[in-house]
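Comments concern the structure below.
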Amino acid sequence: MPELPEVETTARGLRALIVGCRIGAVGGIDWPRMLPTSAPDELARALVGRTIQAVERRGKYLLLRLDDAASLAVHRKMTGNLVVVPSVAPRQPHTHLALSLEDGRDMRFVDPRKFGRVYYFPTPEALERFLAERLGPEPLGELGVERLAELLRRRRGRLKSLLLNQLFLAGIGNLYADEILWAARLHPERTASSLSLAEVERLHQAVQRVLLEAIARRGTSLSTYRDASGEPGENQAFLQVYGRAGAPCLRCGTPIARKLLGARGTWFCPQCQRPEGGG
DNA sequence: CCACGATCCTGCTAGC
DNA sequence: TGCTAGCAGGATCGTG
């Protein structure tokens, strides 16, 4: 599942590969539902002849800025990948969009599960409005300990549910939420507003460290995630709790527990991550 | 404000 | 071996 580190890795890869390139043709659209803001032929008309000026990331959205101030926002959801390949390469299964660049390469959107979406926005304002309605602050951006403490203070929900809420922090998904909470030694069901200042500091540090280390390892490839060049990440070998039910906690040896929280698989150490009042 | 369940999809796996 | 049922989950929406 592409979360912030995977989207960031892809954005960096795409930046090196396609900034400055001009789109010569748009094809391969076999699933119009992935284009919530445009009809396939409208999208093709809007994109052909445009040059890609910048590649950015906001939360889990990958942003392509075009030379006419329009933009594309791509959300890969569970299984979507954006890859750059020679235009003559055979189209792999589940390819739903191909932007043919004039230099003989394609940027293709491949998504077996068909959850991913590609949004077209004609103006920067339309893009900004869309993002502002959905995303809170960047966890690796302006977020300081004081600001995090203030945000947590008014929330009475469970800590993990809050980390998954993109309006609270942008970019954290199920895998990194569990990794962050383990690193911070905080139980996923802790009431957000109950954290002490010391605990907020641990959480803040864990958010930064877990995400930055995952980016340094080019993301986590559990099954389908690949970067812009089609390469898997390295972080899956370094997961501390996610998917490790029954295996010993790497800090204290206690078997890792798994439970469902809001219909999401949740892994944690019942010893290191004590519930409410446990410290 | 918060919880819960349904929805969208298909590859994979467990179980028979 | 071959089939099938069920699981996985990000975002959104409706209900309590």
Any-strand Watson-Crick or G-U partner of B:dC16, both distances under 3.5 Å: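 Across all strands, the one nucleotide that pairs with B:dC16 is C:dG2.
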
If you measure only the distance, is there a donor-acceptor pair under 3.5 Å linking the side chains of A:R218 and A:N235? no

Looking only at side-chain N and O atoms, does [X] come under 4.0 Å of OP1 or OP2 in [N]?
X	N	result
A:R155	B:dC2	yes
A:R258	C:dA8	yes
A:H75	C:dA11	yes
A:Q166	C:dG10	no
A:R134	C:dT12	yes

Do A:R155 and A:F168 meet the cation-pi criteria used here (NZ or CZ under 6.0 Å from the six-membered ring centre, within 45° of the axis)? no

Separation of [N] [atom2] from [X] [atom1] (nearest whole Å):
X	N	atom1	atom2	answer
A:L260	C:dG6	CG	C1'	13 Å
A:L163	C:dA11	CG	P	13 Å
A:H96	B:dT10	NE2	P	8 Å
A:K114	C:dA8	NZ	P	22 Å
A:R33	C:dT12	CZ	C1'	13 Å
A:K77	B:dT10	NZ	P	14 Å
A:F115	C:dG10	CZ	P	10 Å
A:W31	B:dC8	CH2	P	10 Å

With a 4.0 Å cut-off on heavy atoms, is A:G265 in touch with a base, just the backbone sugar-phosphate, or nothing at all?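 Touches sugar-phosphate only.
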
Reckon A:F168 touches a base, only the sugar-phosphate, or nothing at all at heavy-atom distances under 4.0 Å? nothing

Mapping A:N174 and A:Y61 onto DNA chain C by nearest heavy atom, which one lands closer to the 5' end?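 Closer to the 5' end of DNA chain C: A:N174.
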
Starting at the 5' end of DNA chain B and moving along, which residue's nearest nucleotide shows up first, A:H94 or A:R264? A:R264

Take A:Y61 and A:L131 through the test side chain to side chain contact (heavy atoms under 4.5 Å, CB included) and record every step on the way to the result. CA-CA 9 Å; A:Y61 290 89; A:L131 296 175; 4.2 Å; yes

State whether A:R147 and A:E138 are salt-bridged, where the test is any N-O pair (Lys NZ or Arg NE/NH1/NH2 against Asp/Glu carboxylate O) under 4.0 Å.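 No, A:R147 and A:E138 are not salt-bridged.
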
CD/A:Q205: more than 12 non-hydrogen atoms of other groups inside 6.0 Å: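 Check fails, neighbour count at 12 or below.
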
Counting heavy atoms from C-beta on, name the nucleotide in C:dG10, B:dA3, B:dG11 closest to the side chain of A:E3.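 Nearest listed nucleotide: C:dG10.
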
